[in-house]
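Letters A, B, ... are given to chains in the order of the sequence lines, protein chains preceding strands, and every chain is numbered from 1.
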2 protein chains.
Amino acid sequence: MSRMPTVDDVAQAAGVSRQTVSNVLNSPEIVREATRQRVLEAISRLGYRPHASARRLRTRKSATIGVRIDPWRDGISGAVLDRFLHKLTEHADARGLRVMVFSAADPDDELARIRRLREGSDVDAFVLTATTHGDERIRALTEQGVPFVAFGRPWDPETSAVRHRWVDVDGRAGVAGAVRHLREQGARRVGWIGWPHGSGTGDERRAGWEAECGVDADARAALARHVEDGVTEGSRAAAELLALPEPPDAIVCASDSLALGAMIAARTAGRPALPVVGFDDTPVAAAVGLSSIEQPLDDVVAAALDLLFGPAGDDVRPNPSSDEEPTDRLLAPRLVERRPGHLALDAIPGT
Amino acid sequence: MSRMPTVDDVAQAAGVSRQTVSNVLNSPEIVREATRQRVLEAISRLGYRPHASARRLRTRKSATIGVRIDPWRDGISGAVLDRFLHKLTEHADARGLRVMVFSAADPDDELARIRRLREGSDVDAFVLTATTHGDERIRALTEQGVPFVAFGRPWDPETSAVRHRWVDVDGRAGVAGAVRHLREQGARRVGWIGWPHGSGTGDERRAGWEAECGVDADARAALARHVEDGVTEGSRAAAELLALPEPPDAIVCASDSLALGAMIAARTAGRPALPVVGFDDTPVAAAVGLSSIEQPLDDVVAAALDLLFGPAGDDVRPNPSSDEEPTDRLLAPRLVERRPGHLALDAIPGT
DNA sequence: TCCGCCGATTTGATCGATCAAATCTTTGCT
DNA sequence: AGCAAAGATTTGATCGATCAAATCGGCGGA
């Protein structure tokens with residue numbers, strides 16, 4: 001037979017009807033065991049696979065989730081979203097879901113694309129990444145009844161008021177834990193290099209440092225720097241801190257880019273053993289032997305899918321209304337410790 | 001109206017038949033201008049969008065391409081495939097194509113998943129990335145008649161014998177160009193840090209250095225190191241080279257990871273101005289101010305889609321048979337020059 | 001004036017699956 | 001044994017679009 005087998009072919013081969021074949025696949029429990037076996041045998045003998053488009057046409061579901069992938073990835077940290085995407089496909093595969101990616105020029109364009117993808121039953125639900133202050137997408141999708149989950153908490157009261165599903169990583173707890181750990185290891189003055197105020201993520205992370213650094217407000221002001229993300233910026237800020245009369249004896253940073261810069265600055269300043277902690281545990285951190293706070297992406301993805309589809313299965317739940325059980329999850333990150341000096345520069349002949 | 005409008009709704013609204021509406025969308029040239037306008041007006045008034053699954057069921061096409069995304073590679077260089085993926089979605093969107101991603105444990109698993117995706121008309125064609133020596137996937141997909149294009153040339157005669165579509169970047173020409181450029185700038189002994197022999201990509205890149213470095217075989221042996229990919233490895237190799245009686249006055253590397261290591265080693269060895277060139281122009285290179293050879297991913301993606309779908313349109317061409325016009329494209333990369341010392345460590349107070 | 005041709009449009013059938021309701025089987029209880 | 005309820009299976013309709021073939025309408029030529 002040249003064409004792919006269909007339910008009818010299987011039905012004929014097994015001596016049953018279309019619908020029974022369909023039932024074996026979709027509601028096995030209502031089929032008698034004997035017939036079930038017979039049908040399964042026929043299915044595997046003919047190599048039958050259900051035609052996804054036909055099924056979707058009928059059921060109006062696609063078992064597909066959509067994710068936007070971002071164009072701007074100058075920073076090292078853009079890598080987090082890539083790892084997120086990869087984890088997402090893994091977990092989705094395990095649930096029998098598919099992942100479709102798309103790109104968009106701006107939030108409006110993203111909304112337009114989302115609408116289009118959903119209209120054709122191409123995609124059932126979406127994962128929004130990189131939520132911002134006053135994120136327009138949350139409200140728009142909620143109003144349109146498009147099922148989605150956000151990776152990133154709502155950053156302002158307005159968005160919080162819109163009940164929706166989200167998952168995020170507790171940056172504050174992560175940084176606090178790292179600072180506490182450094183102090184247990186003997187550090188007395190832990191410095192902070194973060195981003196300019198105003199980004200939700202950045203402010204959260206800084207709050208973790210503030211809570212645990214154990215010094216008064218004046219000392220905190222001296223020990224903190226806020227710069228744009230980047231290796232150069234991190235390097236410069238760290239050099240400033242290390243040049244203080246009372247320099248820090250450890251530095252925690254809001255990103256691996258900043259931390260890499262800090263690490264290089266420490267080396268240059270003759271303090272190669274200064275503990276430096278970054279955030280996101282990107283490949284670069286692993287490559288240069290930098291401690292870093294790792295986002296538990298596996299858990300994040302699992303939680304996101306749970307919220308969208310329930311603990312198991314591939315039926316999208318509708319967006320939550322305003323009076324139900326919790327629809328969000330805040331997960332704690334984990335400190336990955338590495339030895340400074342892992343670069344082994346000291347072991348190099350001639351140094 | 002609660003449900004989405006269909007062709008029939010539009011037809012009724014415009015006072016024509018289903019098929020005419022369909023024609024306006026798919027073969028506008030056979031519809032009279034006046035009716036065409038009337039139908040278009042009705043379409044936009046009702047906000048009609050064709051139902052993708054229904055169309056696919058009928059036409060047996062999905063206008064969707066599949067790409068495997070790799071489980072995390074620890075190197076910095078994994079970023080290339082991510083950028084590739086992003087470019088792919090951009091170009092695909094522009095052509096009205098969709099991109100579906102999936103993950104797989106190994107090549108066999110990948111083939112199984114590809115088969116499944118194609119059977120349901122989920123995906124029309126695939127892009128294979130990271131081709132290897134003796135890549136099983138090429139032959140398997142060709143035999144099964146699954147349309148695909150490889151990003152990566154065939155690395156052995158056996159695979160070359162299987163006529164298939166591929167696009168690749170001419171690493172040899174890229175490295176050769178960089179070496180030539182360094183020599184024009186006054187370098188006399190250009191070193192090489194690459195990967196162990198055996199990887200197609202790595203050997204090609206090294207060949208570019210050999211061709212243009214302008215020294216005899218003995219000197220070449222002294223000036224080259226072959227190590228696994230990684231910052232530490234690059235750093236160690238570079239330190240060795242710089243400790244030679246006649247050290248190199250510039251170093252070209254097979255990857256940005258190696259180059260970053262080399263750059264740090266140069267700094268440590270007191271030669272911060274040593275020109276170092278990496279490969280792939282990853283975000284890290286940009287962040288630390290490292291020159292790097294950039295793969296023209298835009299062109300790669302455009303070429304790949306051209307090979308699959310023709311210069312325009314979204315009809316997949318069948319895999320090439322053995323006697324047709326060229327089915328591959330080799331593209332030249334470009335050197336992105338940056339200033340060493342961009343890290344501005346020298347400008348730091350206290351140094 | 002009538003016929004035939006050609007381009008524009010319409011009608012009937014189909015893609016492959018699931019839903020809803022009808023029909024046939026078995027089971028359980030008196 | 002008889003009969004209803006529960007269980008298993010089958011039949012007819014449908015999802016929304018396109019394909020293939022039939023129909024309609026206008027125009028030129030005999």
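Sequence neighbours left out, the pairs with a member in residues 16-34 of chain B that pass salt bridge (charged side-chain N to carboxylate O under 4.0 Å, His left out) are B/Glu33-B/Arg36.
One interatomic measurement links the two molecules: CD1 of A/Ile43 to P of C/dA17, which rounds to 10 Å at whole-angstrom precision. For the pair B/Arg56 CZ and D/dA17 P, the interatomic distance rounds to 13 Å; values are reported in whole Å. The interatomic distance linking B/Arg55 (CZ) with D/dT18 (C1') rounds to 9 Å, in whole Å. What separates CG of B/Leu57 from P of D/dT14 is a distance of 17 Å, to the nearest Å. In this structure, B/Leu25 places its CG atom 12 Å from P of D/dC19, rounding to the nearest Å. When the C1' atom of C/dA17 is taken as reference, atom CE of A/Met4 falls 14 Å away, rounded to whole Å. Between B/Glu33 atom CD and C/dG7 atom C1' there is a gap of 16 Å when expressed in whole angstrom units.
In this structure, A/Lys87 pairs ionically with A/Asp298, as a charged nitrogen and a carboxylate oxygen lie closer than 4.0 Å.
When heavy atoms are screened at a 4.0 angstrom cut-off, A/Arg36 is found touching no nucleic acid atom at all. Across all strands, A/Asp8 comes closer than 4.0 Å to no nucleic acid atom at all (heavy-atom distances).
With sequence neighbours left out, the side chain to side chain contact (heavy atoms under 4.5 Å, CB included) criterion links B/Pro50 to B/Leu25, B/Tyr48, B/Arg55. With sequence neighbours excluded, the residues forming a side chain to side chain contact (heavy atoms under 4.5 Å, CB included) with A/Asp299 are A/Pro296, A/Leu331, listed by chain and number. Checked against salt bridge (charged side-chain N to carboxylate O under 4.0 Å, His left out), A/Asp328 has no partners two or more places apart in sequence or in another chain. Among residues two or more places apart in sequence or in another chain, the salt bridge (charged side-chain N to carboxylate O under 4.0 Å, His left out) test is passed with A/Arg56 by B/Asp122.
Phosphate proximity of C/dA17 to A/Ser22: absent, as no side-chain N or O sits under 4.0 Å from OP1 or OP2.
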Restricting to nitrogen or oxygen on both sides, can you table the protein-nucleotides 9-11 of chain D pairs closer than 3.5 Å?
residue: D/dT9; atom: OP1; partner: A/Thr35; partner atom: OG1; Å: 2.8
residue: D/dT9; atom: OP2; partner: A/Arg32; partner atom: N; Å: 3.1
residue: D/dT9; atom: OP2; partner: A/Thr35; partner atom: OG1; Å: 3.4
residue: D/dT10; atom: OP2; partner: A/Ser17; partner atom: N; Å: 2.8
residue: D/dT10; atom: OP2; partner: A/Ser17; partner atom: OG; Å: 2.9
residue: D/dT10; atom: OP2; partner: A/Thr20; partner atom: OG1; Å: 2.7

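For the residue pair A/Gln12 / A/Asp8, no side-chain donor-acceptor distance below 3.5 Å is found, with atom types taken as modelled.
A donor-acceptor contact under 3.5 Å links the side chain of A/Arg58 to the base of D/dT14.
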